[in-house]
Amino acid sequence: MTCVHVTYIRLFSYWGRYANVPRGTLPAAWGEFTNLEYINIDGSNPCVGRFVGTLPAEWSNMVKMRRMWIEGDPTKEWSRMVNMKDMLLGYSQLSGALPTGWSSMVKMHYVNLNDNLLTGPLPKEWGSMAEMKGMQLQRNQLSGTLPTAWSRMTQLTNRMNLENNNFIGLPEVPESWNFTVVI
């Protein structure tokens, strides 16, 4: 893909189908799109290829980002995306621990990180995401227990799915969560 100098862009959507699916790495230069609020790159058809590698740390400059549907490994530097509301990165072959720095994304409403290779405990720091409404973390390799700090997520109205991970015992679910927690 070739980047052109664009001073203002709010939405980028690419629905690659068949031979038009972009391949390779995502450009670090897109980090210059500081007004970008929505990005959707659907190149997930395994028959035709997809983006590979880590999503660029330079994308942390996209401080107005609200919604992201994309594949690739997110970085801890993304904690600067404080306006992020929806992060949909399921089925992306993400690996490693959930970044504790994402706790600065206090406007986050929905996180979908299902069906990846994520490991380690649930970050207690994510308890600061008080506007969280739903979370899909199933089918990873997460471990430990449900952090008590997550009880501050009082806006959770959709289900939280934690099934098929490596958690210890049944977590104590806060009384304020009036929805299904799947473990």
Legend entry - Check: S79 side chain, S104 main-chain N or O, donor-acceptor pair, under 3.5 Å: no
Inset, instruction - Compare all side-chain heavy atoms of L156 with those of W150 and state whether any distance is below 4.5 angstrom. - result: no
Inset, instruction - Might you work through the side-chain contact (heavy atoms from CB on, under 4.5 Å) test for W126 and M108, ending with a clear yes or no? - result: CA-CA 10 Å; W126 283 23; M108 186 71 76; over 6 Å; no
Inset, instruction - Flag the pair M87 / M105 as yes when at least one side-chain heavy-atom distance between them is below 4.5 Å, and no otherwise. - result: yes
Legend entry - Pair listing, salt bridge (charged side-chain N to carboxylate O under 4.0 Å, His left out) test, anchored in residues 97-106, at least two apart: none
Legend entry - Atom of S151, atom of T154 and distance for their closest heavy-atom approach: O-CG2, 3.6 Å
Legend entry - Backbone N/O of Q136 and side chain of N161: donor-acceptor pair under 3.5 Å: no
Inset, instruction - Output the distance between atom CG (L113) and atom CE (M135), rounded to the nearest 0.5 Å. - result: 8.5 Å
Inset, instruction - Mind checking the OG-CD1 spacing from S143 to I168? Nearest 0.5 Å is all I need. - result: 7.0 Å
Legend entry - Set of residues satisfying side chain to side chain donor-acceptor pair (under 3.5 Å) with respect to N165, sequence neighbours excluded: none
Legend entry - E125: partners by side chain to side chain donor-acceptor pair (under 3.5 Å), with sequence neighbours left out: none
Inset, instruction - Would you list the pairs meeting salt bridge (charged side-chain N to carboxylate O under 4.0 Å, His left out) in which at least one residue belongs to residues 87-109, sequence neighbours left out? - result: none
Legend entry - Qualifying residues under side chain to side chain contact (heavy atoms under 4.5 Å, CB included), relative to A149, sequence neighbours excluded: K124, R152
Legend entry - Residue pairs fulfilling salt bridge (charged side-chain N to carboxylate O under 4.0 Å, His left out) with at least one residue in residues 88-99, sequence neighbours excluded: none
Inset, instruction - Grab the two heavy atoms, one from N140 and one from L118, that are nearest each other, plus how far apart they are. - result: OD1-N, 3.1 Å
Legend entry - Minimum heavy-atom distance between L162 and F167, given as atom pair plus value: O-CE1, 3.5 Å
Inset, instruction - Report the residues that fulfil side chain to side chain contact (heavy atoms under 4.5 Å, CB included) with A130, sequence neighbours left out, ordered by chain and then residue number. - result: none
Inset, instruction - Look up atom CZ in R139 and atom CD in E163, then write down how far apart they are to the nearest 0.5 Å. - result: 5.5 Å
Inset, instruction - Applying side-chain contact (heavy atoms from CB on, under 4.5 Å), run through E131 and V106 and close with a yes or a no. - result: CA-CA 7 Å; E131 293 185 24; V106 296; over 6 Å; no
Inset, instruction - Considering non-hydrogen atoms only, spot the tightest contact between P99 and P123 and give its length. - result: O-CG, 4.5 Å
Legend entry - Heavy-atom check, side chain of L122 versus side chain of L142, under 4.5 Å: yes
Inset, instruction - Could you grab the distance from atom OG of S103 to atom CG of L98, nearest 0.5 Å is fine? - result: 12.0 Å
Legend entry - Nearest-0.5 Å distance, CE of residue M129 to CD of residue Q155: 14.5 Å
Legend entry - Nearest-0.5 Å distance, CD of residue Q138 to CG of residue D115: 6.0 Å
